[in-house]
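Structure, as structure tokens:
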There are 2 protein chains.
Amino acid sequence: MAKKITIYDLAQKLNISPATVSRSLNDHPAISQKTKDKVLLVAKETGYRMNKFAANLSKQKSNTIGVIVPKLNSNFMSTVLSGIEKIANDVGYNLIISQSLESEEKEKLNAKTLFDSGVDALLVSLAYETENFDHFTTYTDRKIPLLFFDRVCDLPNCPTISIDNHAAGFDATQHLIQQGCRNIVHISGSLKRNVYADRFDGYQRALHKNGIEFHKENLYESDLSIENVQKFVERIRDSKHKVDGIFVSNDTFAVHCIKELKKEGYKIPEDIKIIGFNNDPVSEVISPNLTTIEYPGYKMGILAGESIISHLSGSINIQSADQILIKHKLIKRESTRL
Amino acid sequence: MAKKITIYDLAQKLNISPATVSRSLNDHPAISQKTKDKVLLVAKETGYRMNKFAANLSKQKSNTIGVIVPKLNSNFMSTVLSGIEKIANDVGYNLIISQSLESEEKEKLNAKTLFDSGVDALLVSLAYETENFDHFTTYTDRKIPLLFFDRVCDLPNCPTISIDNHAAGFDATQHLIQQGCRNIVHISGSLKRNVYADRFDGYQRALHKNGIEFHKENLYESDLSIENVQKFVERIRDSKHKVDGIFVSNDTFAVHCIKELKKEGYKIPEDIKIIGFNNDPVSEVISPNLTTIEYPGYKMGILAGESIISHLSGSINIQSADQILIKHKLIKRESTRL
DNA sequence: GTGAAAGCGCTAACAG
DNA sequence: CTGTTAGCGCTTTCAC
């Protein structure tokens with residue numbers, strides 16, 4: 001059982017040529033059903049497993065898709081991956097997953113490694129840091145399908161999948177305003193990334209539309225790691241103008257803000273209303289429940305997977321660089337109740 | 001730029017043999033530094049990228065490690081993966097990750113696919129369902145390193161990495177007893193899996209040691225999906241003997257139990273004390289904070305990665321099937337306060 | 001419908 | 001220290 005058996009072994013056993021074996025195994029039309037059946041049978045009996053390397057080398061494709069994500073261990077990202085994996089697996093593709101850990105350097109490295117590994121396509125969600133996109137030209141140059149999801153950039157001919165962060169940011173802020181907030185702080189991630197920049201933009205538009213002036217000091221930019229919560233809460237507490245609403249670009253951070261604010265004696269939502277982003281499971285655990293924007297990660301994964309697969313199978317023209325926008329939804333809960 | 005350039009091209013350009021090029025590229029000791037430098041230079045200039053398939057085919061190894069997990073999208077699992085990925089990436093291995101979605105069938109399929117993809121090693125955390133382990137013999141037969149983490153099984157010569165669930169279950173229960181609980185319910189996952197079976201065992205031992213009789217009706221077995229929360233809470237409410245403590249094998253479930261119990265009018269921890277498992281981030285978000293057992297996922301990932309890598313590099317004898325136990329820790333919080 | 005033979009690009013034993 | 005020469009196992013023209 002330990003010995004590797006090749007198509008030559010099968011050919012010999014059956015007294016036919018390796019070529020015929022190969023064709024049978026691949027269900028080639030020009031082979032009689034009888035031969036195919038014979039081959040398949042012996043293949044099964046002998047426990048034949050085809051050597052992917054040889055096939056790949058010969059065919060120049062790998063049946064694998066590379067994925068680069070900032071971090072594996074976030075609820076949102078692993079949900080997306082789960083969706084991608086489902087699709088890929090269903091159609092017989094393997095997934096090579098790597099994380100950039102928010103570092104541009106590592107992202108470059110990952111891109112290179114995955115290229116060398118011969119992935120047929122690449123899915124990426126950008127690192128916080130990334131400003132330069134040259135490491136992707138290797139792919140675009142050779143027409144290897146490249147698709148960005150969530151944290152996207154607008155490289156030519158690269159499909160993107162995300163929600164309308166612009167509109168989502170607007171909706172979130174508008175909701176706070178409707179609930180009576182007038183001095184709203186926005187806690188954002190790196191504005192280099194579309195997701196945060198767009199939300200911030202939506203926030204500003206909402207303020208503007210309601211005749212509320214935007215104050216620069218109401219924008220808190222950070223990497224959204226919860227070490228910053230304390231600092232930000234102090235900043236809110238010490239703010240000259242009483243803060244009555246907070247729009248946080250991330251549920252985890254929002255939830256920890258609530259905890260910290262409660263410790264400081266604030267009543268949520270009476271004193272300050274808070275809205276988060278993502279609809280992470282934590283948002284329903286915190287008390288008061290967190291109002292948030294639903295960001296359907298699994299669906300995003302499914303769509304990303306399907307999109308890249310259809311590119312690969314050539315059923316869609318790669319040139320038609322589509323931009324898929326997934327619908328978001330405002331989920332009203334206690335943290336912004338009147 | 002789009003043309004693929006091979007070692008033959010380099011050889012020709014440099015007027016040396018392809019073999020020398022190959023050796024130089026691989027930093028073979030028997031090549032003069034001068035030649036290496038020349039080769040490397042031209043390689044860089046021409047944008048040479050080695051073809052992994054050819055190398056793999058020739059070397060009969062792939063530099064990839066397969067991973068099968070039940071679900072990608074759980075905080076614990078993605079944390080573990082994050083650790084594995086870090087190690088793998090550091091030493092130049094790729095990770096092919098697939099999920100069984102708790103199905104034995106899918107696990108079998110994944111194992112087969114990964115085998116066909118030529119992974120050099122396999123890491124697996126078992127599905128809920130899995131009862132038969134024959135799909136792994138393909139690996140053991142061919143001496144492909146196989147390692148189980150978290151949800152393990154005791155196949156011969158397969159290293160395992162987990163915590164001492166036995167002891168952890170004991171500690172959790174003992175803590176409840178110390179806090180005055182006498183009628184403790186245990187909410188468990190599938191007892192087919194070591195992690196749950198062992199914890200249950202620890203629970204029973206603790207009861208026994210304290211002279212408390214175990215009642216079968218105090219064991220609630222399920223798949224721990226939160227749809228069951230309501231049902232279980234009703235069962236607790238309607239229990240003949242007043243339940244005063246709950247040991248839940250999973251923080252997410254525990255947290256939702258707390259929410260539901262509070263709705264039912266129970267005071268936590270006054271009426272019922274609760275302890276969870278894993279130390280998921282949610283455990284600190286719920287009010288009252290959840291007492292739990294810390295289960296260091298990242299560390300587990302790191303160790304799993306290191307262990308498999310050292311097997312692969314032959315520095316450790318695969319036969320010495322080690323069992324690595326990671327230390328757990330009781331984290332006391334409000335949900336079990338006296 | 002099937003076979004012969006030439007690669008795919010790299011590695012490694014064997015010579016020198 | 002470097003070159004020669006076989007493969008690795010599969011696919012794929014081009015014949016028959």
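We name chains A, B, ... by the order of the sequence lines, and we start the count at 1 in each one. Treat the numbers as computed from the prediction; the structure is a model and nothing was measured.
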Contact state string [nucleotides 9-16 of chain D, B base, S sugar-phosphate only, - no protein heavy atom under 4.0 Å]: BBBBBB--
side-chain contact (heavy atoms from CB on, under 4.5 Å) test vs A/V152 passes for just one of A/T160, A/I161, A/L147, A/V195, namely A/T160
So among A/K112, A/H135, A/Q99, which one has a side-chain hydrogen bond (donor to acceptor under 3.5 Å, both in side chains) with A/E107? A/H135
Please tabulate, for side-chain N and O atoms in residues 91-98 of chain A, each donor-acceptor pair with protein atoms closer than 3.5 Å (sequence neighbours left out).
residue	atom	partner	partner atom	Å
A/Y93	OH	A/K61	NZ	3.1
A/N94	OD1	B/S117	OG	2.5
A/S98	OG	A/V67	O	3.4

Could you name each residue pair satisfying ring pair (Phe, Tyr, Trp, His ring centres under 6.0 Å) that touches residues 11-35 of chain B, not counting sequence neighbours? none
Salt bridge (Lys or Arg N to Asp or Glu O under 4.0 Å) contacts in which one or both residues fall within residues 23-34 of chain B, not counting sequence neighbours: B/D27-B/K36
Pull out every residue in residues 113-121 of chain A that has a heavy atom closer than 4.0 Å to any atom of DNA chain D, ordered by number, or say none. none
Could you list all the ring pair (Phe, Tyr, Trp, His ring centres under 6.0 Å) pairs where at least one residue sits in residues 29-73 of chain A, not counting sequence neighbours? none
Residues 118-126 of chain A side chain polar contacts: donor-acceptor under 3.5 Å, at least two apart:
residue	atom	partner	partner atom	Å
A/D120	OD1	A/S62	N	2.9
A/D120	OD1	A/S62	OG	3.2
A/D120	OD2	A/S62	N	3.3
A/D120	OD2	A/N63	N	2.6
A/S125	OG	A/F149	O	3.1
A/S125	OG	A/R151	N	3.4

More than 12 heavy atoms of other groups within 6.0 Å of B/Q60 CD: yes
Quantify the bending of the helix from C/dG1-D/dC16 to C/dG16-D/dC1 as the angle between its end axes, each fitted on five pairs, to 10°. 30°
My understanding is that only residues two or more places apart in sequence, or in another chain, count here; which of them pass ring-ring contact (aromatic ring centres under 6.0 Å, His included) with B/F115? B/Y139
Note: chain A reaches DNA chain C at heavy-atom distances under 4.0 Å over the stretch, first to last nt, 5' to 3', of C/dG1 to C/dG9
Quick one: salt bridge (Lys or Arg N to Asp or Glu O under 4.0 Å) pairs with a partner in residues 74-95 of chain A, sequence neighbours left out? A/E85-B/K106, A/K86-A/D90
Please name the pair of heavy atoms, one in A/Y128 and one in A/R193, separated by the smallest distance, quoted to 0.1 Å. O-NH1, 3.0 Å
Residue pairs, two or more places apart or on separate chains, that pass side-chain hydrogen bond (donor to acceptor under 3.5 Å, both in side chains) and touch residues 67-76 of chain B: B/N75-B/D280
